[in-house]
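For reference, the structure discussed in these notes is given below.
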Amino acid sequence: MILCGMGTNVIFNLSRTMGSYKLRIIINEGDIRKVSLDGKPETVEELKIKIKEKCNLQDDFNLMYEDPDFGYCLCNLDDIEDLPATKATVKVISMVTLTLVPASTTSISDVSNVSDDTEILSTYSSSSSTRQEQWPEFFEIPNFSVDVEFRLRQANLQFLRDQTYLNVPRDMKHGILEKLAEAIYKFDGYPNAERIHSVALALISKNPCLREPGSPDGCSGWKNSLTYKMGNYRTKLRKAGCAEVAINRGEKGTPEMASKGLKRPKRFEVNYLPDLPDGQNEDRLEVERKLLVEEMKKRNPSGTFIASKMDQTFPLRRREIVEAEPPVKTLKERWPALFTERQVFAEFNRIATTNLENDFFGAVDRYTPHFVTIFKSKKGSVGEKLAEIVQQIDSRKPDVTAKT
DNA sequence: CGTGACACCAAAATACAACG
DNA sequence: CGTTGTATTTTGGTGTCACG
């Protein structure tokens, strides 16, 4: 990375007690430990050593922490100041085994029954319907119904013996697709081909008997079925009154789509219009919004306070923006915090579950070499100008890496 | 009867051409 | 040459049907 990691303006609590530092350490899905250190470590390295000791870990690992800026999604821990002052949750990422993922499905409910102490994190991650997790690198196939699981197990064993693929009966296919659609929907209501592909691959790698020997990747049929399924699944949700997908419904039965001039979500807008979380209504959230406006009037508004309230009020805000389409001026009055740099990034993450800054610079880093070769190959007057620019970049390279 | 599959249509995304 | 308008492709929604 050339350009990332701009100044992290972390405000940390000066009055923090110099006593114990509580850690919740996620080692893997079924192993989450609570550890107390004497004081917050000064560096990430020191923290790693402490964790290694306390948890008896042998192999090297990296750490991730739950970033309040991004709905407590996991981010790499590079700067110790990113951790809260008195207690934190970190995840151990082993550098040895990356592919072996246990087959259990974990959800928010698993997290809540892990420890009995007060959990700062779960307060508004459990009740909200807003998606928080990014699309996983390795999609975890959920557990199907006992019946389906049983038959799959049998078929997998059979497959191991004599390589016979399973001819999936109708009801079984339904069971599989339904659970998969549900699992996919948790991340993305409108998954693209690539995401469908990754799910299908995960499915046939976990259940070799489901592989389709005829197709080039062994899962073309599953990909097809999954795309159909996601469509049908959305219609189902629409009928059940889910606002997020209902917004794309054409008023009346007629194909009169431009019902209210509403735009359908863009492909990456994963949380375009989340439903209000259980136990929240517009009035309650409106109160929170007023708190936000007040906070912004202070000379030094608290970043963490704003981050958490902005998270909480996200569904209300989206509803407002999508349905009423207020002018920017009104928006500035009602949501002043939305216009701070930090919240611009945070809001982007809430909508697209993507880290705008990192992804952008990551992409820049990834594509720059290719661009440079294209530039170099360009002829004519434009080519000369580009060559000049490339020259400048080349000669300045060490600078760029050093700065920011 | 419910559901996977598919046809059909409008909107969104993208490729392309015409223009000043 | 960049901009802008247009044509083409892709995506997602609705309706329908066959099948177990």
Side-chain angles (χ1 to χ4, degrees), chain A residues 131 135 141-142 144-145 147-148 151-152 155 165-200 203-204 207 210-212 214-215 219-275 318 321-323 325 351-354 359 363 367 371 374-375 377-389:
Chain A
R131 292 185 184 78
W135 184 265
I141 300 298
F144 304 119
S145 69
D147 170 49
V148 174
R151 284 195 273 172
L152 273 179
Y165 296 97
L166 176 63
N167 190 11
V168 191
R170 194 185 155 85
D171 62 319
M172 198 168 161
K173 184 169 199 178
H174 174 64
I176 294 174
L177 288 177
E178 188 76 15
K179 270 284 185 311
L180 285 180
E182 205 178 296
I184 294 174
Y185 192 84
K186 281 191 188 140
F187 297 103
D188 189 351
Y190 296 79
N192 59 20
E194 188 193 335
R195 293 185 167 184
I196 299 266
H197 181 74
S198 80
V199 177
L203 178 70
I204 60 166
N207 300 290
L210 294 179
R211 174 177 271 277
E212 296 151 335
S215 68
C219 63
S220 298
W222 285 109
K223 283 195 287 186
N224 255 327
S225 297
L226 273 173
T227 7
Y228 291 136
K229 182 65 194 181
M230 287 315 285
N232 290 327
Y233 189 71
R234 281 191 295 266
T235 347
K236 210 168 164 183
L237 289 176
R238 216 166 281 130
K239 280 178 188 152
C242 162
E244 164 170 47
V245 286
I247 190 107
N248 298 328
R249 171 166 45 190
E251 278 304 273
K252 299 192 302 176
T254 55
E256 181 191 322
M257 179 68 183
S259 43
K260 273 191 64 187
L262 283 176
K263 285 183 196 147
R264 97 156 59 127
K266 305 263 195 307
R267 237 181 280 155
F268 55 87
E269 290 173 328
V270 175
N271 287 309
Y272 184 68
L273 186 69
D275 283 318
R318 288 306 294 171
I321 294 174
V322 172
E323 287 172 5
E325 300 188 359
I351 295 174
T353 54
T354 302
D359 284 7
Y367 294 118
F371 274 137
I374 293 176
F375 290 168
S377 70
K378 189 88 182 164
K379 304 245 156 55
S381 64
V382 183
E384 272 172 38
K385 274 192 187 144
L386 285 173
E388 220 173 274
I389 294 169

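Chain A is the first sequence line, chain B the second, and so forth, proteins listed ahead of strands; every chain is numbered from 1. Predicted model only: the values in this text are computed from it and were never measured.
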* Structure fact -> Here the pair of heavy atoms bringing A:Val148 nearest to A:Gly175 is CG2-CA, 4.5 Å

* Hey, is the main chain of A:Arg211 close enough, under 3.5 Å, to the side chain of A:Trp222 for a donor-acceptor pair? -> no

* Structure fact -> A:Asp188 CG to C:dT11 P, in whole Å, measures 13 Å

* Asked: For residues 221-232 of chain A, which residues have at least one heavy atom under 4.0 Å from DNA chain B?
  -> A:Ser225, A:Tyr228, A:Lys229, A:Asn232

* Between A:Asn192 (CG) and C:dT9 (P), how many Å, whole number? -> 21 Å

* Quick one: does A:Asn192's side chain have a donor or acceptor within less than 3.5 Å of a partner on A:Arg195's backbone? -> yes

* To do: Hey, which sits more toward the 5' end of DNA chain C by its nearest nucleotide, A:Thr235 or A:Ala193?
  => A:Ala193

* **Stretch residues 167-180 of chain A: residues that reach within less than 4.0 Å of DNA chain C through a heavy atom** => A:Arg170

* Asked: Between A:Glu178 and A:Lys236, does at least one N-O distance fall below 4.0 Å, as a salt bridge requires?
  -> yes

* **A:Pro142 vs A:Glu182 side-chain heavy atoms within contact, under 4.5 Å** => no

* Asked: Say you draw a straight line from CG of A:Asn232 to NZ of A:Lys229; how long is it, rounded to the nearest 0.5 Å?
  -> 6.5 Å

* Asked: Is the charged tip of A:Arg151 near the ring of A:Phe144: under 6.0 Å from the six-membered ring centre and within 45° of its axis?
  -> no

* To do: Specify the closest pair of heavy atoms between A:Arg318 and A:Ile351, including all atoms of both residues, with the distance to one decimal.
  => NH1-CD1, 3.3 Å

